[in-house]
Structures are given as C-alpha cells and as structure tokens.
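Right, one structure below, let's go through it.
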There are 2 protein chains.
Amino acid sequence: MKEKQTENIWGRGFKRTKQREEVYGILEKSAVPVTAQEIYKILLLEKPKECQYALSTVYRVLNAFEEHHLVKKSFLPGEDMARYELERNIHEHYAVCLVCHKRVPISKCPFESGGIQVAEDGFDITGHRIELYGYCRACRQRDNRTGDR
Amino acid sequence: MKEKQTENIWGRGFKRTKQREEVYGILEKSAVPVTAQEIYKILLLEKPKECQYALSTVYRVLNAFEEHHLVKKSFLPGEDMARYELERNIHEHYAVCLVCHKRVPISKCPFESGGIQVAEDGFDITGHRIELYGYCRACRQRDNRTGDR
DNA sequence: TTACCTGCAAAGTGTTTGCAGATGT
DNA sequence: ACATCTGCAAACACTTTGCAGGTAA
C-alpha cells in the first residue's frame, strides 16, 4: 500500500481528501520549502485531468495543515511569499540555498546545549529559528561567474 | 543639535528629506521592529499637520533604506506583514517577545566562533538569521493567566 | 536648475472568504 | 445523513507604481 504512516494524520473532523493527500505528498517529496503557488503548479502538471485543483484549495489545505501542526510556514529573506515545509519531528536546522532553496542540515542546534543567555531575566523562550543562507555547491558551480547577489 | 551621527547617511543621490528623517527617527527610537503601517500611524499622530504623509511614501522610504543597508526587513512567525528595524553595526541577535515585539539581545552569536558544520562540503554561507521567540517578563506578568498559544 | 522625492490614486500580488455543490465517514 | 471539503469568483490587505507637482542640492 501507499499508505505509509500518513494514516494517523486524519481524523476528528480532519478529512482525508485527494487534494490533501496530493499536497501532503508534494511536501513530503520536496527537499525544499515550497510556496503555495509552486505546489499549485506541480499539481496542475502532475494531475492535469484527474481533478480540477484550485489555488485557494491549496491555501486552505496548507492552512489546515498548519493548524494541525503538520507544516511550518516561513519566509526567506528578500522573498515576500510564504513557504511551507513539513514539520519534521526531529529538531534540526538548515542552511538554505538562496538560488535553488535546497536545505542542508547543520550539525547541531547551538541552543540545545544551553550556553546562550538572554539579557533579560524572566524572558520565557518558547521557540527559536535558525537559518543559514548561502549558495549550495551546485548553484555556485553553475553560476560561478555571476558574482552578483 | 539633533544631528547625531545620522549625517553620514545622506549623499550620493540619497536626499535628506523631512519624511526620511521622521521615519529614521521612529526606527531609531523604537526598540521593536515595526511595520510600515505602524510607522505611518505614528507619523500621523506625531505630526498631524506639519506634513501630509502618504503610506506609500513610508514604503518607499523603507525600501530606499533597505537598499542602502540602513534597515533590515524581517517577518515574525505567524505574521504576514514585513517588519523593519535599524541595521545595527554590531553583530547581535535578539529574543523577540511575541506579544509586544520587544527585542532583548542574546549573549553571543553561536556562529561567530565556528563550530557549526553544514552537512555539505562547498556550501557557501553568506548570512544567517537567529531569532528566539517567547514572552518577555512584562507580558508574561500582565497576561499570566492566559496560557494559550 | 536638475535630479530626486512626495502625495495621490490606481494597479499588483499573495492570500482569504462566501457560497453552492461535491465528497468523506 | 451530516459535517466537512472543494471550485469558483469576488474580496482583502499589504505593497508597489505612474504621474504631476514639490523639494533638496
């Protein structure tokens, strides 16, 4: 079966529909945080006739996923569109290529082992975000003579 | 004089205007990354008659500042509006209160002293962002019985 | 004087929403 | 059967842009 452990996602007023499965599958396959519009384009390419997808549905599905803590929404610097990625259970951070958006994990989270102090007593840290930006080897090599940005 | 070291900002086709000074002043006074619309409201409150400000001007000023690397644009998780803050010359990171947006510096940048490895050779890191989120002491105390979020 | 800014209004763009019909359980 | 989804189109909110007049250098 192609069910994987995706099963436990659905339930309690959270219906399993073809559109949601498709979007989830795209997020699962992607090594890169994607935008709603990118997901929409992939849907149209992969399943041109099986189902008429609407962009608004993609947004609604992503929002539903976010509410159920299945995906994380984020912005890359210089971009104004939201990107979505699957919420992985492991605590990990990535370096993101500014060209192809590939994510490469970094060795360890510097905040896991403590050692970072906030300069105000009583500040209650509930979360953090670490993002490294740069150019992955492939994009560097391909565009190696365009030194701009 | 109220000139401060703001002087060296202007020049080379970058004109000093009242609107730009006002916006810069607001950014300078604010301990919090602000949105364009917040700046606009502050302008209307502070100088109701001296000058007719346009929201689009605020955006243009902020974009100009960004191009000249005077301000940094960023998004807070769960927010879709851009926030702007002065680009401080010192390399520093902050913990941001999700309620009042106050920023509290953290002790040191964990990436300054190396030690973080990217799991791909040849990945060229050009920048990073670290953001800690949580609730500052004041907001915690004020809203201490609303345990939601 | 000239290039650069601004206010205004109109256009853009990413995202959301109302509604009637369709679908999952 | 019923609540929950979906497609469509219209609505939204933040941001950008064209233009004519204004301002700094």
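All of these numbers come straight from a predicted model, not from anything done at the bench.
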CD on A/Glu66 to OH on A/Tyr59, rounded to 0.5 Å: 13.0 Å
Shortest non-hydrogen separation from B/Val71 to B/Leu62 and the atoms involved: CG2-O, 3.9 Å
Distance in angstrom units between B/Lys73 NZ and D/dC14 P, rounded: 14 Å
Options C/dG24, C/dG7, C/dA3, nucleotide nearest the side-chain atoms of B/Ser56: C/dG7
B/Tyr40 OH - D/dA13 P separation (whole Å): 16 Å
N or O in side chain of A/Asn63 less than 4.0 angstrom from C/dT15 OP1/OP2: no
Inter-residue atom distance A/Leu27.CG - A/Lys72.NZ, 0.5 Å rounding: 13.0 Å
Nearest-Å distance for atom pair NZ/C1', residues B/Lys18 and C/dG7: 14 Å
A/Leu86 CG to A/Phe65 CZ distance, which is reported to the nearest 0.5 Å: 8.5 Å
Distance flag, aromatic centroids of B/His128 and B/His93, threshold under 6.0 Å: yes
Most 5' of B/Lys15 and B/Arg83 on DNA chain D, judged by nearest nucleotide: B/Arg83
Gap between atoms CZ and P, on B/Arg16 and D/dG22 respectively (whole Å): 24 Å
Spacing of B/Leu55 atom CG relative to C/dC5 atom P, expressed in whole Å: 19 Å
B/Gln19 side-chain N/O to C/dG7 phosphate OP1/OP2 under 4.0 Å: yes
OP1 or OP2 of D/dT16 under 4.0 Å from side-chain N/O of B/Tyr59: no
N or O in side chain of A/Thr17 less than 4.0 angstrom from D/dT6 OP1/OP2: yes
Atom-to-atom span, CZ of B/Phe14 to C1' of C/dA3 - whole angstrom: 15 Å
Nearest to side-chain heavy atoms of B/Arg60, which nucleotide of C/dT6, D/dT15, C/dG18: C/dT6
Protein-nucleotide distance (A/Asp80, atom CG; D/dT17, atom P), rounded to Å: 11 Å
Distance below 4.0 Å between B/Arg20 side-chain N/O and C/dC5 OP1 or OP2: yes
Nucleotide D/dC14, atom C1' - distance to CD of A/Glu79 in whole Å: 17 Å
5' priority, DNA chain D, between B/Ala82 and A/Thr57 [closest heavy atom]: A/Thr57
